[in-house]
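A short write-up of the structure that comes next.
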Amino acid sequence: MRISKRIWGALGTVAVVVVAGCGGGGGEGLDGNGRPLGEGDDPSGPMTASFRSIQSHVFTPACTACHAGAAAPRGLRLDAGNSYVMLVGVNSGGVPALKRVAPGDAANSYLIHKLEGHQAVGARMPLGGPFLDAQTVNLIRQWINNGAQP
Ligand code: HEC
């Protein structure tokens with residue numbers, strides 16, 4: 001009885017730390033399948049392969065808990081005002097030979113490596129999960145292969 005109480009106490013502490021970590025971390029804005037909440041363009045319709053749709057369905061809800069402000073990891077800010085210029089045509093910090101987003105070339109875009117979990121450096125994004133489903137990553141890949149237009 002005493003032991004099980006201790007275990008529950010310890011679990012409670014762990015849960016609080018996880019929830020408090022980085023303002024909700026990667027889980028924010030995603031449902032149980034790792035699919036962004038709000039199936040819309042504003043975001044009230046289905047997600048499309050446009051930059052604005054990716055911003056409102058993925059970057060803002062799933063990434064800005066960490067990737068915003070002066071302390072953004074690797075200096076990568078993914079809030080609506082900064083994400084495009086910090087991604088497209090910019091060398092990654094982890095693997096400088098790779099662009100974060102190489103227009104027309106999703107296979108060699110570090111962003112895709114990080115979202116799919118085959119990056120050479122660091123962890124899969126969003127850090128700690130839940131990770132994006134394949135359909136969502138495919139829309140981002142399509143946006144890149146279509147030239148990564150703003
Ligand atoms: C819980 C915090 C957290 C969340 C949420 C998060 N990241 Fe990250 N991200 C990091 C950290 C820390 C690093 C640096 C270490 C590494 O590369 O793994 C990083 C690195 C990256 C890099 C590599 C940048 C470079 O130049 O090397 C990319 C790309 C990236 N994140 C994209 C994303 C995207 C897209 C999302 C949302 C879908 C996201 N991250 C969500 C913490 C986070």
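Everything numeric in this text was worked out from a predicted model, so none of it was measured. Each ligand, and each atom within it, is numbered from 1 in the order the structure gives.
Listed for the His113 side chain is no donor-acceptor partner under 3.5 Å among the backbone atoms of Arg124. Although no hydrogens or angles enter the test, the distance criterion places a donor-acceptor pair under 3.5 Å between the side chain of Ser56 and the main chain of Arg52. Between the side chain of Lys114 and the main chain of Ser109, no donor-acceptor pair closer than 3.5 Å is present. With Gln55 contributing its side chain and Ser50 its backbone, the two residues share no donor-acceptor pair below 3.5 Å.
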Q | Candidate pair Val85 and Arg77, rule side-chain contact (heavy atoms from CB on, under 4.5 Å), full reasoning | A | CA-CA 9 Å; Val85 292; Arg77 300 183 190 190; over 6 Å; no
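Near Gly93, meaning under 4.0 Å from any of its heavy atoms, are these atoms of ligand 1: 25 (C), 26 (O), 27 (O). Close approach of ligand 1 to Cys66 is summarised as follows: ligand atoms under 4.0 Å from at least one heavy atom of the residue are 1 (C), 2 (C), 3 (C), 4 (C), 5 (C), 43 (C). Residue Ala62 has at least one heavy-atom neighbour below 4.0 Å for each of these atoms of ligand 1: 5 (C), 37 (C), 41 (C). Residue contact check: Gly122 has heavy atoms under 4.0 Å from atoms 16 (C), 18 (O) of ligand 1. Distances below 4.0 Å separate heavy atoms of Leu111 from the following atoms of ligand 1: 35 (C). If you number the atoms of ligand 1 from 1 as listed, the ones under 4.0 Å from a heavy atom of Leu78 come out as 33 (C), 34 (C), 35 (C).
The shortest heavy-atom distance from Ala123 to ligand 1 is under 4.0 Å. Using a 4.0 Å cutoff on heavy atoms, Gly128 does not count as a contact of ligand 1.
Of the candidates Lys114, Arg124, Arg74, Lys114 brings a heavy atom nearest to atom 16 (C) of ligand 1. Around atom 14 (C) of ligand 1, the closest heavy atom drawn from Ser83, Pro73, Ala120 belongs to Pro73.
Ile112 contributes atom CD1, which lies 4.0 Å from atom CD1 of Ile144 (distance to the nearest 0.5 angstrom).
Met125 places a side-chain heavy atom less than 4.5 Å from the side chain of His67. Side-chain atoms of Gln149 and Phe51, non-hydrogen and from C-beta on, never get closer than 4.5 Å to each other.
In Leu127, the parts holding a heavy atom less than 4.0 Å from any atom of ligand 1 are both the side chain and the backbone. Counting heavy atoms under 4.0 Å from ligand 1, residue Cys63 touches it through both backbone and side chain.
Taking backbone and side chain together, His67 holds an N, O or S atom under 2.8 Å from atom 8 (Fe) of ligand 1.
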Side-chain donor-acceptor pairs under 3.5 Å in residues 89-96, sequence neighbours left out?
from, atom 1, to, atom 2, distance (Å)
Asn91, OD1, Lys99, NZ, 2.8
Ser92, OG, Val95, N, 3.0
Ser92, OG, Val95, O, 2.6
Ser92, OG, Leu98, O, 3.3

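Ligand 1 has no N or O atom lying under 3.5 Å from any N or O atom of Ser92, backbone or side chain.
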